[in-house]
**Q** 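Would you mind keeping the following structure in view while I ask a few things?
For ligands, and for the atoms within them, numbers begin at 1 and follow the listed sequence.
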Amino acid sequence: LIGITVDKALDFPGWYQQILTKGEMLDYYDVSGCYILRPASYAIWEQIQQWFDAKIKGLGVQNAYFPMFVSSRVLEREKDHIEGFAPEVAWVTKAGSSDLEEPIAIRPTSETVMYPYYSKWIRSYRDLPLKLNQWNSVVRWEFKHPQPFLRTREFLWQEGHTAHLTVEDAKQEVLDILDFYAGVYEELLAVPVVKGKKTEKEKFAGGDFTTTCEGYIPQTGRGIQGATSHHLGQNFSKMFNVSVENPLGSDHPKLFVYQNSWGLSTRVIGVMVMIHSDNKGLVIPPRVSQYQAVVIPVGITKKTTDAERSNIHASAKAIEDRLKKAGIRAFGDYNDNYTPGWKFSQYELKGIPIRIELGPKDIEKGQVIVVRRNDSRKYTVQLNELETRIPEILEELQRDLYLKAKELFDTHRVIVEDWKDFVPNLNRKNVILSPWCGVMECEEDIKDSSAKKDDGEELEQDEKSPSMGAKSLCIPFEQPELKQGQKCIKCSRPAIQYCMFGRSY
Ligand SMILES: O=C1CCCN[C@@H]1CCCn1cnc2ccccc2c1=O
């Protein structure tokens, strides 16, 4: 395994592919748009699952499992919510050599699978709230260029689907879940996000409103949607007749429940890699890393006697065992066929958060040398402080990764109130907060008008692409002060709010 041969700043897609494969997170598969998640990335997904699962169980959500197959009759129950997505639906049409009576879809999401059963199971208001979640995979046969973790034809996610008696109860949960999503990003993955509401154009059409966590990729200056929590209102409950007898009595009309649905996928791993990793390979935040520390004996040379060598190995092994006992996910590499230098670059490639070096001098002094993966900062740790200092160093690393990413996001999120400054800021890798009228046609105009050069000239033919226009990313919950009589950034209508715009994934 040699190092990364592509520079992150020069060929971002090539770099991204290389660090994932050489870092042993993922491998390519012969079905286009599908990838193999190897242990290093699956372990990150497991950490996310454990954390998020505990949070939603705290809200009374229960996990369940529904079939992955959806009959066309059922899938097309909801015409308008499906229409935009129909091209992405994958269908099973044969079993063996014989055709199926009627084609069966593979779930792209589970609303139409689950809600007929919500209708069957929810009879009285005492059956509410019903809160189910699935940890599963879904298939969306996208034709846009696939990218590992970010856009794949099958992906792992969780999809939560809840039914509530009151709209207040439902809307509160939408925000509670969004906070958990922000927690996955900021506390586990050390990735800062902006929380907000999607515009009417960008929201889930089947729902009432969509809330979202928006991330930022410094290398490309693009926003990226991280996780969404939708309030569905009564749209689906009216369609699937998910209703309860009115608590006020049977002479009152039946009540259609208020629903939410919310999802976070393995895309979050791609966001984390793109933000933290560098030209030496992966950089994995300690809280989610499969291994947090690697112990490497050093100072073993041809002159080292067998007795000294086995003493160094024994001391290193003892340190590894102490760390494991202290709850640190540690391992040691005692393979003398490789030099320490080779091992250092190997574990930098894999993004192991810290390496712990132990040589003859260190044994004499009762210390180890600790080196951080993100910035190679060195620490000398006394052996008798190991169980205290190593967790501290890991937490400090976690925090420094977050602070660096936050600094980059904050310094590349600019307020723009004059259209002439809009495109130049996009081209300086900024996402933009602008006063906006809220009108969909204006949003489309902003997208078309921003796929331009700084001076408003058309882009070169090879630069043109749909993703060069700025989309609305979200209407941030945290709003700058709107000035009296403030005009929309693009049209002459009055601005009603600030909206975050940017090129995106
Ligand atoms: O986001 C979420 C969170 C989890 C539960 N589902 C909602 C909404 C999914 C929207 N969606 C997204 N792609 C699709 C693709 C094909 C068919 C239907 C759909 C579809 O309904």
**Q** Does a side chain donor of either Asp53 or Trp135 reach within less than 3.5 Å of an acceptor in the other side chain?
**A**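 Yes - a donor-acceptor pair under 3.5 Å links their side chains.
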
**Q** Assess whether atom OH of Tyr29 is packed by more than 12 heavy atoms of other residues, nucleotides or ligands within 6.0 Å.
**A** no

**Q** Trp121 vs Tyr117 aromatic rings, parallel, tilted or perpendicular, using cut-offs 30° and 60°?
**A** tilted

**Q** Under 4.0 Å from a heavy atom of Trp157: give me the atoms of ligand 1 that qualify, with their elements.
**A**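 Listed by number with element: 4 (C), 5 (C).
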
**Q** Among all protein heavy atoms in this structure, tell me which lies nearest to atom 21 (O) of ligand 1, with the distance rounded to 0.1 Å.
**A** His81 NE2, 2.8 Å

**Q** How about Tyr498 and Glu417: does a side-chain donor come under 3.5 Å of a side-chain acceptor?
**A**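 Yes, a side-chain donor-acceptor pair sits under 3.5 Å.
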
**Q** Under 3.5 Å between any N/O of Thr109 and any N/O of ligand 1: does that happen in this structure?
**A**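 By distance alone, the answer is yes.
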
**Q** For atom 11 (N) of ligand 1, which candidate among Trp262, Trp141, Phe85 provides the closest heavy atom?
**A**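 Result: the heavy atom closest to atom 11 (N) of ligand 1 is in Phe85.
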
**Q** Report yes if some N/O of His161 lies less than 3.5 Å from some N/O of ligand 1; otherwise report no.
**A**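 Not met; the criterion fails.
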
**Q** By number and element, which atoms of ligand 1 are closer than 4.0 Å to a non-hydrogen atom of Glu111?
**A**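 Under 4.0 Å from Glu111, ligand 1 has these atoms: 5 (C), 6 (N), 7 (C), 8 (C).
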
**Q** Relative to the ring of Trp262, is the ring of Phe52 parallel (under 30°), tilted (30 to 60°) or perpendicular (over 60°)?
**A** perpendicular

**Q** Considering only the protein, which heavy-atom contact is closest to atom 3 (C) of ligand 1, and what is its distance?
**A**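 In this structure, atom 3 (C) of ligand 1 has Gly263 N, 3.5 Å as its nearest protein heavy atom.
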
**Q** Check each atom of ligand 1 against the heavy atoms of His230 and keep those under 4.0 Å away; list them by number with element.
**A**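 Selected atoms, number and element: 1 (O), 2 (C), 3 (C), 7 (C), 8 (C).
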
**Q** Checking ring-ring contact (aromatic ring centres under 6.0 Å, His included) between Tyr35 and each of Tyr28, Phe155, Tyr42, Phe149, which is the one that passes?
**A** Tyr28

**Q** Against heavy atoms of Thr228, which atoms of ligand 1 measure under 4.0 Å?
**A** 1 (O)

**Q** With atoms numbered from 1 as shown, which atoms in ligand 1 lie under 4.0 angstrom from a non-hydrogen atom of Glu88?
**A** 15 (C)

**Q** With a 4.0 Å cut-off, would you call Lys203 and Asp208 a salt bridge?
**A** no

